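Quantities reported herein were computed from a predicted structural model and do not represent experimental measurements. Values reported hereafter were calculated over all heavy atoms of this structure, with side chains retained and with hydrogens, waters and symmetry mates removed.
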Amino acid sequence: MKNLKLSTEISASLELQSDGEQLLFSAIDIERNRLFFASSSNFIYSTQFPSHQNAKAQSGIVLSAEVQPLDLEVDDIITSFDYLLEKESLIIGTSSGLLLLYMVDSNATEVVGRVDGGVKCISPSPDGDLLAVTTGLGQLLVMTHDWDVLYETAFEDQPEDIDVNELSNSPSFTRGNLVSWRGDGRYFATLSNLQNLRKIKVWERDSGSLHSSSDPKPFSADTLEWMPSGAKIATVYDRRNENICPSIAFFERNGLERSSFSINEPSDAVVEALKWNCSSDLLCVLVRCEKYYSLKVWSFSNNHWYLKQEIRYSRQERLQLMWDPTKPLQLICWTSTGQISVYNFIWLTAVMDNSVALVIDDSNILVTPLFLSLIPPPMFSFKLKFPSAVREMAFYSSNSKILLAAYLSDESFCVVELPALSFWEDLEGKEFAIEASVCETALGSLLHLEWIDSHILLGVSHFGFNHERRLSETASETKHLGYHLMEIGAFCSENHVPDTVTCSSWNVKVSNQIFLEKLVISIAPNIAKNGSAFVQLNGGHIFEYVSQASTQSASSPYFEEYNAVILSSSCPWMTVANVTTGAQLRPLLFGLNEHGVLHVDGAILCNNCSSFSIYSNSSDQIVTHLILTTKQDLLYVVDIVDVLDGNALVKYDNFLHIARKKREEECRNFINLWERGAKIIGVLHGDEAAVILQTIRGNLECICPRKLVLTSITNALVQKRFKDALLMVRRHRIDFNIVVDYCGWQAFLPFASDFVRQVNNLSYITEFVCAIKDESTTLKLYKNYISLPSSDVKDIQTGFLGVFNSKSKVSGVLLAIRRALEEQVPESPARELCILTTLARSDPPSLEEALARIKVTREMELSGSNDQRRTSYPSAEEALKHLLWLSDADAVFEAALGLYDLNLAAIVALNAQRDPKEFLPFLQELECMPTLLMQYRIDIRLRRYEKALKHIVSAGETFHSDCMALLKDQPQLFPLGLQLFTDPSKRNQVYEAWGDHLVNEKCFEEAAMTFLCCFSLEKALKAYRDCGHWSGVLTVAGLLKFEKEEVLKLAHELCEELQALGKPVEAAKIALEYCGDVNSAISLLISAREWEEALRIAFMHRNDDLITEVKNASAECAFILVNEYEEGLEKTGKYLTRFLAVRQRRLLLAAKLRSEEHSVNDIDDDTISEASSNFSGMSAYTTGTRRSSAGSVTSGTSSRARENRRKKNQGKIRAGSPGEELALVDHLRGMAITSGARRELKSLLSTLLMLGMEETARKLQHIGETFQLSNVAAVKLAEDATSTDVVDDQTYALDRYLKKVKSEVCDSEAFSWRSKILILP
């Protein structure tokens, strides 16, 4: 679904040397961009090819040409003419049989051969190695580039009485191309005469033997063209004898006809030339009609030939054509008088912004509303029939007004108004004849036609082309010959009927014209402003045009350069999108040039774009996404927000596919197109969220990118269109949880009633309920496709949430749906089944509640009641089967047992197809039991132990032993058991059993307190003793009324036990208070380093020996600490020096590796990962990279051995190990003075001062402070050095950090152990 648009046309002329001289042949030099012409006066013209980049917007440009005469005999004329690229010369054939080589640069002519009968055609092979020459005598010569004849054969048999000279001098002698090569040069075809018929002959290149030939048919003379791709040979059927217009026929290499089509012209029309473009997708046919020449450009797609363009010329001059050999969309036409026209076409999608396809085919526009159905071409919905072929078309759609304007090949103008889109289904299969509009002013040759308002069109008109029929009339009315920006008003004299097509009574009038100095490349209407458009001139300059009606100015329309956007090059494909920036609406220009560079507001977005389109998910036409395909056949869906913020290139990896790891491939942001060369032709906006692609073969493919689909769904959710969102979720197989998760499941709860009311389909609601899961799709499954809503959208109605009181997503959502069903949907069997579904799918499943509802239905059935409610509920059996289908059968059976309804449990088991031998004996046994005992047995089976305990307690004294067994088996029931028993003796049994359980669990203190509650003092004493609670042991001993000797013995035992447990302070307290052993108490306090307490007790008992003992011990401890701190100072310096050396060596090694590594772009991710792993395992002493080998794979035994060695060597720092650097830092941190050591140090300093050892105390404090400062400074230095890549000796010096630390932390809590009177100045 594409249309061929005429983008630019350039007109130029050659000044011929004499009156009556005519141009006969042309040739092109693609390397040096030159055109050559041969005239009837035997002149050779050489000129530069007219360029679109350098052309001015004026017609009638006279090309400067070098003219050289060709020295021929008087009666000799040029009959064939071509350019040989390999020799940079022209090859010329004459009627006398001369083969001339004309060197263009030196203007020298060389005779390279002569043939009898005259030269009729010269055709070089595509590779330039061979030259095929046909003569007037019907001979075919194939020559090498050295002019050696490879072979000669007769390609047609001439009658014996033919006069060769008469044949060679005939006017038709110089026309046509009798030899056509296949694109690869292996075969060539000729058209030979056979009486009144002709046939196609296919020859082999190397041998010259006849490969195949067609049947004799009425082919037109000298019209033969082999498609460059080699698939078809095109020729023309002359059917004037049948009074039918000519038709184009296509043959295969074997001479068999493949297909044909009519050219739709009068029967007297003559096809004079056929030309394929270099890409074989366009066929240009030159047709001579009675009053004009017609250039028809055909395209083949979906087994149908479309006439895409028709350009008419006057019959005053003979016309010839050729395609550019390298540019498939550039057509060159020239007349016999030297008028040259260069047409540059582009392919445009036939799908408009509102997803309506308008395909041009001759005088028809085939209309297909893709939003209704994806009709594959060449089929269509309805047809608009115009008086002649359509050249240019413009479509307008706004609200309910739909207009179509068309400029035709006969220079007439048509306007048609179509009904609203809602009526288009009634137009299917119809054809509407469109009348030409009344136009008082000549429009010239119209290009780039666009609607800028409902009654205003803007286009570019070219006056002065020689193919205009009313040239003299136009020239007299127009001040300048050239390009004009033309504003055209369109008005209808009759009222439009809403459901019909208005195709007559239209009047058009030119309201304004602006002369242009440059070529116009494209025009795009500004959707944000009525009556406005952006005009792109050659070179990428953008101008804004505002209609006079929009500016309300009486002088002239607004036409000024739009400085906000400057494109880097000309972009034939340009469109304007409405976007929002903040709260403002503004236009955003997209432009794509011929090299695949996509511009957005002048900035380059993508360098390898092949097609693009824009998508809007709302009715206000605000564009939200850009969709583009790349030359790598990748499709990207780009958020407009990313484009506006400038993040698109980074987010989408410059729109290039780079090989990544498998887990990253799953998060890729593009779609691989399954067919090479597929391009975007349109999108379906809004909730349809589809992209329409057309492949090279012509078939249409509609895909729905997940990103667009999710955008449409979330947009519907924000607008609270739950039904539309759910339908999209079902259609595109999106996880149903997105409906709940997007704005948060808590925010969904208040709108559950709206959801149920809008959907109004219990099957859909049931499907939705079954899909609800606890995990959030926005955080995992679809996190790469959607953006979370703004905070105002996620506002939660907290007052409503209190009604549900649920922390689980599944339970909360299903509860809200269940209540909404009960409120919004009338009672019915389907509603009841849906409610049962919500109960079964809850988390955890509410099976008992569901069975209770089924039980009510079953009781109504058993009672035989005629209650009307019975018809509103499904049968109990149906409901039960539905519940069993949703849930586990065993779980439902247990839930039925939990209702203590044995009959219901039996029905569940039978419907679950369980073996009666499995459940009937159990149910019969339960039925024979007393009610409470039955309930107890069921509760035990279902592990409902609290209910079981209540039931067994209620069963009476007989089952007390079962009750105690249950308590011991389920200890969590002890608190409940204490509540249920009121008898003190039974409560004591519970307490004692609980205490025994706590003892087994090693909770001795809790066990002791429990034993105290039941007055089991011996067990309480043992429990306190087991946990080392000496005060509790001695207290309980008092309760047991122990004798003094027993208490003393117990105290000695406790003292020994506490010493063994490493609690000397508590042991000293027992020895002092209960044993009266002061010496032992002092010794224990000294071992615990409780200096002040030991000194206090010694002075309290006025024992000099004890005081001396404390003094000596404190002095000895001070001496030991001084030595330890001095050793610590030495180790700190050593470890810090070692750390700095290791760090510097590692940094040097890393720099060396970085300098030697290759570019990251040339290394795949796996290689980078391997290199990174190798580097991370290197130590500072590593001199080479490590290679992985088979030896790196070890068994479990060796791994465990290595782990054991690691644990054994823990705390040691092995030189050269990979973790040496971090181990040194950790070791420095571990040398810091702990809080307990600081407390002991402060107590020792105070004791030394009390005992008069001031110097010892001062020395200890000084060395301790020095060590602590050095340690803090070393740790901070190491941390700073670890976080940098440059380590120098001056910056990272310990003395520098010591000064810094001393001024920062000396007054901190860590140094509060010091005494101010001992601080040295």
Could you check if a side-chain atom of Ser613 sits within less than 4.5 angstrom of a side-chain atom of Val691, using non-hydrogen atoms only?
no

Return yes if some donor-acceptor pair links the side-chain N/O of Asp724 with the main-chain N/O of Ala716 below 3.5 Å, else return no.
no

Is there side-chain contact between Asp642 and Tyr652, with at least one heavy-atom pair below 4.5 Å?
yes

Does Gln758 use its side chain to pair, donor to acceptor, with the backbone of Lys720 at less than 3.5 Å?
yes

Relative to the ring of Phe655, is the ring of Tyr636 parallel (under 30°), tilted (30 to 60°) or perpendicular (over 60°)?
perpendicular

Mind telling me whether Phe371 and Trp424 have parallel, tilted or perpendicular rings, with 30° and 60° as the class edges?
tilted

Is it true that, when you exclude Gln584 itself, more than 12 heavy atoms of the residues, nucleotides or ligands shown sit nearer than 6.0 Å to its CD?
no

Would you say the side chain of Leu897 lies within less than 4.5 Å of the side chain of Phe922, judging by non-hydrogen atoms?
yes

Any side-chain heavy-atom pair from Thr837 and His882 closer than 4.5 angstrom?
yes

Can you give me the closest heavy-atom contact between Met379 and Thr368, atom names plus distance?
O-OG1, 4.1 Å

CD (Glu927) with more than 12 external heavy atoms under 6.0 Å
no

Kindly say whether Gly686 contributes a backbone atom to a donor-acceptor pair with the side chain of Ser712 at under 3.5 angstrom?
yes

Within the 4.5 Å heavy-atom criterion, are Asn302 and Asn699 side-chain neighbours or not?
yes

Might you confirm whether atom CD of Glu425 has over 12 heavy atoms from other residues, nucleotides or ligands at distances under 6.0 Å?
no

Side-chain donor/acceptor of Asn737 to backbone N/O of Ser776, under 3.5 Å
no

For Gln924, does the CD atom have more than 12 heavy-atom neighbours from other residues, nucleotides or ligands under 6.0 Å away?
yes

Using the rule given for salt bridge (charged side-chain N to carboxylate O under 4.0 Å, His left out), can you reason through Arg721 versus Asp687, listing the C-alpha separation, both sets of side-chain angles and the distance that settles it, and then say yes or no?
CA-CA 11 Å; Arg721 295 187 291 113; Asp687 291 347; 3.0 Å; yes

side-chain contact (heavy atoms from CB on, under 4.5 Å) evaluation trace for Glu832 with Thr857:
CA-CA 11 Å; Glu832 182 65 17; Thr857 305; 5.6 Å; no

Would the distance check show the side chain of Arg841 and the main-chain N or O of Val769 forming a donor-acceptor pair, the cut-off being under 3.5 Å?
no

Does any non-hydrogen side-chain atom of Leu949 lie less than 4.5 Å from one of Gln970?
no

Angle class for the Phe768/Phe736 ring planes (parallel below 30°, perpendicular above 60°, tilted otherwise)?
perpendicular

Main chain of Ile375, side chain of Ser373: is a donor-acceptor contact present, judged purely on distance under 3.5 Å?
no

Carboxylate-amine/guanidinium contact Lys881 Glu877, below 4.0 Å
yes

Taking 4.0 angstrom as the limit, do Lys773 and Asp735 come out as a salt bridge?
yes

Please check: side-chain N/O of Ser887 versus main-chain N/O of Leu884, any donor-acceptor pairing under 3.5 Å?
no

Answer yes or no: is there a donor N or O on one side and an acceptor on the other, between the side chain of Tyr742 and the main chain of Ser787, under 3.5 Å?
yes

Salt bridge present between Arg941 and Glu925 (N-O < 4.0 angstrom):
no

May I ask you to check whether over 12 heavy atoms, not counting those of Lys707, lie within 6.0 Å of atom NZ?
yes

Looking at Ala896 and Leu851, what are the two nearest heavy atoms and their distance?
N-CD1, 3.3 Å

Smallest separation among heavy atoms of Pro419 and Leu427, with atom names:
CG-CD1, 3.7 Å

Would you please test Thr777 and Asp741 for side chain to side chain donor-acceptor pair (under 3.5 Å) and show each step?
CA-CA 7 Å; Thr777 55; Asp741 294 336; 3.1 Å; yes

Indicate the atoms forming the closest heavy-atom contact of Ala948 with Ile940, along with that distance.
CB-CD1, 3.8 Å

With side-chain contact (heavy atoms from CB on, under 4.5 Å) as the criterion, how do Phe395 and Ile402 come out once you've worked through the C-alpha distance, each side chain's angles and the decisive distance to 0.1 Å?
CA-CA 8 Å; Phe395 183 76; Ile402 302 176; 3.5 Å; yes

Would you find more than 12 non-hydrogen atoms of other residues, nucleotides or ligands less than 6.0 Å from Glu918 atom CD?
yes

Can you classify the ring geometry of Tyr615 versus His685 as parallel (below 30°), tilted (30 to 60°) or perpendicular (above 60°)?
parallel

Between the side chains of Asn354 and Ser397, does any donor sit under 3.5 Å from an acceptor?
yes

Do side-chain atoms of Thr629 reach the backbone of Phe612 as a donor and acceptor pair under 3.5 angstrom?
no

Do Phe748 and Leu717 pass the side-chain contact (heavy atoms from CB on, under 4.5 Å) test, and can you show the C-alpha distance, the side-chain angles, and the key distance before you say yes or no?
CA-CA 10 Å; Phe748 173 80; Leu717 291 174; over 6 Å; no

Heavy atoms, side chains only, cut-off 4.5 Å: are Arg858 and Leu880 in contact?
no

With side chain to side chain donor-acceptor pair (under 3.5 Å) as the test, would you mind laying out the steps for Thr931 and His951 before giving the verdict?
CA-CA 9 Å; Thr931 302; His951 288 143; over 6 Å; no

Gap separating the CG atom of Leu358 from the OG1 atom of Thr349, nearest 0.5 angstrom:
10.0 Å

Taking every heavy atom of Leu904 against every heavy atom of Lys855, the minimum-distance pair comes out as CD2-CB, 4.4 Å

Test item: Ser398 side-chain N/O and Lys401 main-chain N/O as donor-acceptor pair under 3.5 Å:
no

Audit row: Ile938, Leu902, side-chain contact (heavy atoms from CB on, under 4.5 Å) steps and yes/no:
CA-CA 10 Å; Ile938 291 175; Leu902 301 181; 4.3 Å; yes

With a 4.5 Å limit on heavy-atom distance, are the side chains of Arg818 and Ser842 in contact?
yes

